[in-house]
Structure formats: structure tokens, C-alpha cells
> 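Quick one: structure below, then a few questions.
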Amino acid sequence: MKLFRSLLLLLCATLAVPGMGNAAELSLTPTLCAINDGEDHCAISVSVNFTAEDKSRYCLNIADKGLVRCFSGNPQTQIDIYVTADTDTRFLVTAAESGEEVASATLKVARYRPTRHQRRYGWGLL
Amino acid sequence: MYRRTLITLLLLVAHGAAQGTEISAPEWKLSLVSGRGLIENPLDGREDGETFLLPAFSYYGKRFFVSNLTAGYSLVENKRFYIDLIAQPNEDGLFFQLDKPEVAAGSVTSFVQLREATEVSEIDRRISLMAGPSGTLVTELADVSFSWLYDVTGVHHGSETHLSIDKQYPLFDGAIGWGIGAVQKDTDLVRYYYHFTEEEAGVFARRYAAVYPPGDVTDQYVRLQFSYPIGKGFAVRLAGRYSYFDLDGRLPRFIEKPETLSWFAGIQYSIGNGR
């Protein structure tokens, strides 16, 4: 019985992987940015919301662009960023000390495709 | 033989899919239709064109487009109408190339007095590139299109004026389309393609011109086409075109068949980045 309880505790310990104890969440508002006709990128103000259960230091990064800002993980942190993008952009939050990724979210970029009429020029039989 | 097949292909090239008349640019499409097709040649002494294979290509960018033998740039485009600048080869030149003579006539006239005019089947004419503006009105009833094209290759310095009405409807799970049109070809164009030169006919050239003076012609056509999808990228394609060639203004000797019927029936396979 004592052995069984020890094993059970050991199992619980192994299951307590980093991040599960302090579940962090990252969300973006809005989640979609549209490139207008005639432009090659979109520019938008994104509100980044991060929630964590502890007060460790975290850093917000944008993939391929670098570090935005580091902050303390209060119950909730909100950062407003002005972003320009021509492709889907990934936001990620990493633990300040270890650099380990704790949460991520993607800003989707949609490109406007103008609708055109099909042409009927030429002798064309078909 | 090979040349005739190539020219038949050029004349028969498709407009593109009958599935929907809207494109989401940028979009490209490459198709191959396998079946049987016939182009009746209106020219005297020239063979018709036959083919068993028909390629088609289209690309629509933001403003630039290519639809088989027509290249264009759109100045204005919205739901109701569009105005393009287009360039395409003239059909009369293509008919002459459909069955090209072995030896160009006129090469021996400086040595030999002509006893009679050269045969139409022996003369050669070049293909010309026509370019100009085109406007199309898109309505519920039909699309109405008007174009004015000028010879930019300096072959004949002539012009063409096109007017057409086209419409496409869904039918069963496919689509059916019809079109009627008229093409007015001016005197310069008609003189080059449908009259003898002095080199070719000697004194007969002037006699012919006196009896049948070169003038504007208005050719007309009616076309019908049907498309039915049968699987991923595959479709059944049927098409027919009745053409009327106006003799008044042309030297009648040049035209053996003033009324022609051309058609194609086959299975189409397409690839592209469209929906």
C-alpha cells in the first residue's frame, strides 16, 4: 500500500510538466488583418492579452521580428501593438529567464483577390 | 500537315472554362481538350482544318490578362462593365495559313506573261496583329461588347470593328452559352486579304477591281457552347460556330464557302489555381 502510494505520487510528479501547473494563455484582438487592393501589406493595432497564474517575468515576441516587451505575469496583461504584416504573423510569449515558449497566437493575414470577368475575345470556338 | 494542325489549334482555341464567368485574380488555367474538331476554311482551294487535340490557356492578373491568343490590359473593371486594351491576331490571316501554298505566286511573273489570273490557293498572305480598345457592358440579359482594332504590324494598315452579344446560363450541372456577333473589316484589310495584287494577277488585277471593287465587309457569326463537369478537372465540351462571310467588297473568287460551320466535341482536362 505504502509502495503503491509512493508510485502514485511519483506518477503525479512526472505528470506535473512545466506549464501545466501555471497554464498561460495568449489571445489577440483582432485575429485577422486584411490587405487592401493595391497594397502589399496590412497595418493594424492589435490588442495582445496574456493571462498567467504566477507573477514570473515573461517576454512578448513576434516571430521573425523579435522582442516586443518583457513584463511581469500579473493575472492579466494587456499590450497594444501596431503591426504591419504581409503574411500570417505569430505572436509568442516566452519565460524571461529560460526563453521557453509558454503560449502563442497567430494574426492571420488575408489578401484581397479582386473578382474579374472572364473574357470572350478572339475567334474562340469553345 | 503539321502546320495545318497547328493553325487549326490556333483557330479553335478555347475561351476558358464555361464554369462561371467570374475569376478571382490572380488566376491561371491550362486546359487540354481531347476529341474531334473541324474548322471549315472559307477560302477557295484551301483545305479545312481538323484536329483531335485543343489546348487553352488563360491568366488573369490584377489588370493584365491573357486569354489564348488575346492579350490585354484592363483600364476599368467593375461589376457592370469593363474597358480593355487588347491585341490579337486577325482571323483572315489565320485562314490563309491554314493551308499554305508550297511556292508563293508572283515569283515568275516578271518572266512569264500571265495567261490567266493566279489561283487563290497559290497565293500567300501574312498574319497581322490587331490591337485597340474594347468595352463590354455586363447585364442580366446579356453581355454586349464593342471593339475597334487596328493593324499594328503594318501588314495592311486596316481595321476591324467588332460587336457581339453573349450570354451563359447554368444547365443541369454544367453551363450553356450562346453568342452572336458581327465584324466589320475595312477596305484596306479587305484589299490585302481578298484581292489580287498586280504581281499576282497582272492585268487581271485591274479588271477584277473594276468589276468587284474592294470595300468594307461585315462578317457575322453565331456560336453555341456547352460544358458539363464529370469529375476532378474533367468536363465534357461541345461547341459550334456558324460564320457568314460577306462577299460584297471581296473578290468573290477568294471565297469558296461564304457560309461555314466549325465545331469541336471532346473531354477537357484543366489545371490551375482557380476555385
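Order of the sequence lines fixes the chain letters, A, B, ..., with proteins taken first and strands second; residue numbering starts at 1 for each chain. Fair warning: this is a prediction, and the values are worked out from it, not measured in the lab.
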> Judged by modelled atom types alone, do B:Q88 and B:T70 share a side-chain donor-acceptor pair under 3.5 Å?
yes

> Could you look at B:V183 and say if it's the side chain, the backbone, both or neither that has a heavy atom under 4.5 Å from chain A?
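Contact with chain A: none, neither part.
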
> Would B:R241 count as a cation-pi partner of B:Y221, with NZ or CZ less than 6.0 Å from the six-membered ring centre and within 45° of the ring normal?
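Positive - B:R241 is close enough to the ring of B:Y221 and near enough to its axis.
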
> Answer with side chain, backbone, both or neither: which region of B:N78 has an atom nearer than 4.5 Å to a non-hydrogen atom of chain A?
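Only the backbone of B:N78 comes within 4.5 Å of chain A.
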
> Specify whether A:F71 and A:F50 have parallel, tilted or perpendicular ring planes, treating 30° as the upper limit for parallel and 60° as the lower limit for perpendicular.
perpendicular

> Less than 4.5 Å to any heavy atom of chain A: does that hold for the side chain of B:K79, its backbone, both, or neither?
backbone

> Closer than 4.0 angstrom, basic N to acidic O: yes or no for B:E140 and B:K167?
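Not counted as a salt bridge, because no side-chain N and carboxylate O are separated by less than 4.0 Å.
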
> B:G179, B:S164, B:S74: which one forms the most heavy-atom pairs within less than 4.5 Å of chain A?
B:S74

